[in-house]
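Input: a single structure, listed below in structure tokens.
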Protein chains: 2
Amino acid sequence: MSTDKQFYKEHPTFHVAVDSIIFGFDQGELKLLIHKRKFEPAKGEWSLFGGFVQQGESLDEAANRVLFELTGLEKIYMEELQSYGEADRDPAGRVISVAYYALIPAKEFIEAGNSKYGATWVSVKDLPPMIMDHGVMVKKGLRRLKRRAASQPIGFELLPGEFTMPQLQSLYEAIYQEELDKRNFRKKILAMDVLIKLDRKDKSSSRKGAFLYRFDQKKYKKLVNGGYNFTI
Amino acid sequence: MSTDKQFYKEHPTFHVAVDSIIFGFDQGELKLLIHKRKFEPAKGEWSLFGGFVQQGESLDEAANRVLFELTGLEKIYMEELQSYGEADRDPAGRVISVAYYALIPAKEFIEAGNSKYGATWVSVKDLPPMIMDHGVMVKKGLRRLKRRAASQPIGFELLPGEFTMPQLQSLYEAIYQEELDKRNFRKKILAMDVLIKLDRKDKSSSRKGAFLYRFDQKKYKKLVNGGYNFTI
DNA sequence: AATATAAGTGTTATACTTACACTTAAAACT
DNA sequence: AGTTTTAAGTGTAAGTATAACACTTATATT
């Protein structure tokens with residue numbers, strides 16, 4: 001702090017915020033978690049979950065803290081998306097915002113939506129108007145999700161620890177917004193050799209029941225380190 | 001400014017910097033433009049081109065301004081890469097830095113390196129130690145370049161307006177760090193149908209001379225808008 | 001006229017991707 | 001107990017894209 005002032009004091013400082021684009025998957029639909037803004041200005045309007053970076057915390061730490069404070073969600077998949085720094089993006093003052101995108105699995109999905117925090121899930125196909133540049137951030141987040149899903153098995157982050165092939169396929173269909181052939185889909189996914197088939201079935205969506213699988217983190221890491229590159 | 005204080009004044013503010021990872025291509029090598037830092041602390045050590053965001057300018061504007069001030073380069077390809085916000089990343093004080101990556105064509109390449117600004121080109125295969133987290137930023141920039149080069153015809157940004165097939169191939173070989181088959185390379189590039197073959201030759205590197213091409217921006221945009229996706 | 005050098009060109013084999021339809025397991029109903 | 005209903009599960013063949021491979025050509029230099 002004292003050195004800060006010593007070297008850089010002639011330069012201006014700015015409020016820095018983090019905003020999280022939180023995707024979830026449920027009932028065959030890809031959804032976004034938003035809430036009504038809790039503070040002025042624009043209090044009560046639809047907003048991503050955001051807050052200001054505090055002294056002594058990194059951007060990643062701030063993003064995780066804000067998310068936890070506003071939704072109770074912890075230890076979820078999160079990565080930086082892009083910074084937004086237009087001088088007039090926030091009408092209430094100069095704020096530079098770092099957008100994060102986050103994926104949460106179905107188990108936590110329900111709780112977050114029903115919580116005391118006033119969070120709401122909206123379908124990405126029918127987004128309400130959001131404050132400032134949050135709509136732009138979401139579009140960018142969706143593009144990133146599509147790209148990531150195609151080249152990394154990121155979809156698994158959006159599912160519970162155990163899932164069925166039809167569920168996984170339905171997730172990818174929601175991300176790409178197109179129907180996939182189930183034979184080809186299974187072939188590709190299984191060819192990656194990162195899934196473990198369990199001998200139990202999930203019977204919630206059919207009489208026959210669908211076998212459960214889980215993602216094999218170890219095999220995946222081995223593949224990635226070996227230079228292998230996924231494409232779904 | 002006054003509204004800023006009104007609404008957000010309880011939150012801390014930070015110095016925000018931009019740092020540019022500038023790639024160039026020359027003599028068959030992919031290179032990075034760096035310089036010796038002009039101010040304390042760590043004055044005289046190898047550094048990316050960076051500076052502080054000023055009041056009233058966006059991050060993009062700051063990145064372009066800083067680059068121009070330090071290298072004289074203007075209107076070059078630039079995009080945001082990632083933000084770096086660890087609390088202790090700069091030993092002299094809290095600074096949040098937004099890294100940009102930039103590509104400059106061969107024509108401007110030479111000038112930038114020989115300039116009054118003290119800029120130096122170093123091979124990406126043999127990078128010197130750099131201040132703070134600049135080495136990490138460069139690694140990230142290289143990964144981005146590789147990925148972008150594979151899916152967008154971004155390589156053209158690194159070449160002069162007119163170039164030959166052997167030059168283009170050599171650029172891709174430098175980016176991927178592997179040799180490519182020239183027949184297959186030509187086939188793929190030409191199949192994209194975004195190059196215009198000129199009837200002139202460049203004879204600087206062979207007696208026979210190689211035909212010059214230029215990139216057709218219009219055709220490219222048409223393809224991209226039509227949903228086409230490149231892969232080299 | 002001969003030589004040296006990099007540019008330029010096609011084909012075949014292999015791998016990957018896409019399209020496509022029937023069988024099976026199990027609960028629910030009669 | 002047998003029949004019906006529903007989603008899960010499975011294989012093959014055609015088409016497309018990728019990868020491997022070697023000789024000819026244009027031109028400056030000697």
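Chain identifiers are assigned alphabetically (A, B, ...) following the order of the sequence lines, protein sequences preceding nucleic acid strands; residue numbering begins at 1 within each chain.
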Donor-acceptor contact below 3.5 Å, side chain [X] vs main chain [Y]:
X	Y	answer
Gln169(A)	Pro166(A)	no
His134(B)	Leu48(B)	yes
Ser20(B)	Ile22(B)	no

- Task: Just compare dG9(D), dA19(C), dA19(D) and give me whichever is closest to any side-chain atom of Asn184(A).
- Result: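 Nearest to the side chain of Asn184(A) among the choices is dA19(C).
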What is the distance, to the nearest angstrom, from the [atom1] atom on [X] to the [atom2] atom on [N]?
X	N	atom1	atom2	value
Lys182(A)	dC22(C)	NZ	P	14 Å
Lys188(B)	dA17(D)	NZ	C1'	9 Å
Glu179(B)	dA6(C)	CD	C1'	15 Å
Tyr213(A)	dG9(D)	OH	P	6 Å
Phe185(A)	dG11(D)	CZ	C1'	18 Å
Arg186(A)	dA19(C)	CZ	P	19 Å
Asp181(A)	dT18(C)	CG	P	10 Å
Asp199(A)	dG9(D)	CG	P	14 Å

- Message: Would you say that Leu159(A) contacts Phe25(A) through its side chain, given a criterion of any heavy-atom pair below 4.5 Å between the two side chains?
- Response: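 The answer is yes; the side chains approach within 4.5 Å.
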[X]: partners by side chain to side chain donor-acceptor pair (under 3.5 Å), with sequence neighbours left out:
X	answer
Glu69(B)	Arg65(B)
Asp216(A)	none
Asp26(A)	none

- Message: For a quick test of reading the model: is some side-chain N or O of Arg183(A) closer than 4.0 Å to OP1 or OP2 of dG11(D)?
- Response: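 Answer is no, no contact under 4.0 Å.
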Output side-chain donor-acceptor pairs under 3.5 Å for residues 96-111 of chain B, partner residues at least two apart or in another chain, one line each.
residue, atom, partner, partner atom, Å
Ser97(B), OG, Asp19(B), OD2, 2.6
Tyr100(B), OH, Asp60(B), N, 3.2
Tyr100(B), OH, Asp60(B), OD1, 2.5

- In residues 204-212 of chain A, which ones come under 4.0 Å of DNA chain C, going by heavy atoms?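 Within residues 204-212 of chain A, the residues near DNA chain C are Arg207(A), Lys208(A).
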- Sorted by number, the residues of residues 160-168 of chain A with heavy-atom contact under 4.0 Å to DNA chain C: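 Nothing qualifies; none.
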- Minimal non-hydrogen separation, Gln152(A) against Arg147(B), with atom names: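 Taking every non-hydrogen atom into account, NE2-NH1, 4.3 Å.
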- Query: Which part of the nucleic acid, if any, lies within reach of Lys203(B) when heavy atoms closer than 4.0 Å are counted: base, sugar-phosphate only, or nothing?
  - Reply: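 Contact class for Lys203(B): sugar-phosphate only.
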- Task: Give Lys201(B) one of three labels, base, sugar-phosphate or nothing, depending on what nucleic acid heavy atoms sit under 4.0 Å from its own.
- Result: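 Sugar-phosphate, backbone atoms only, no base.
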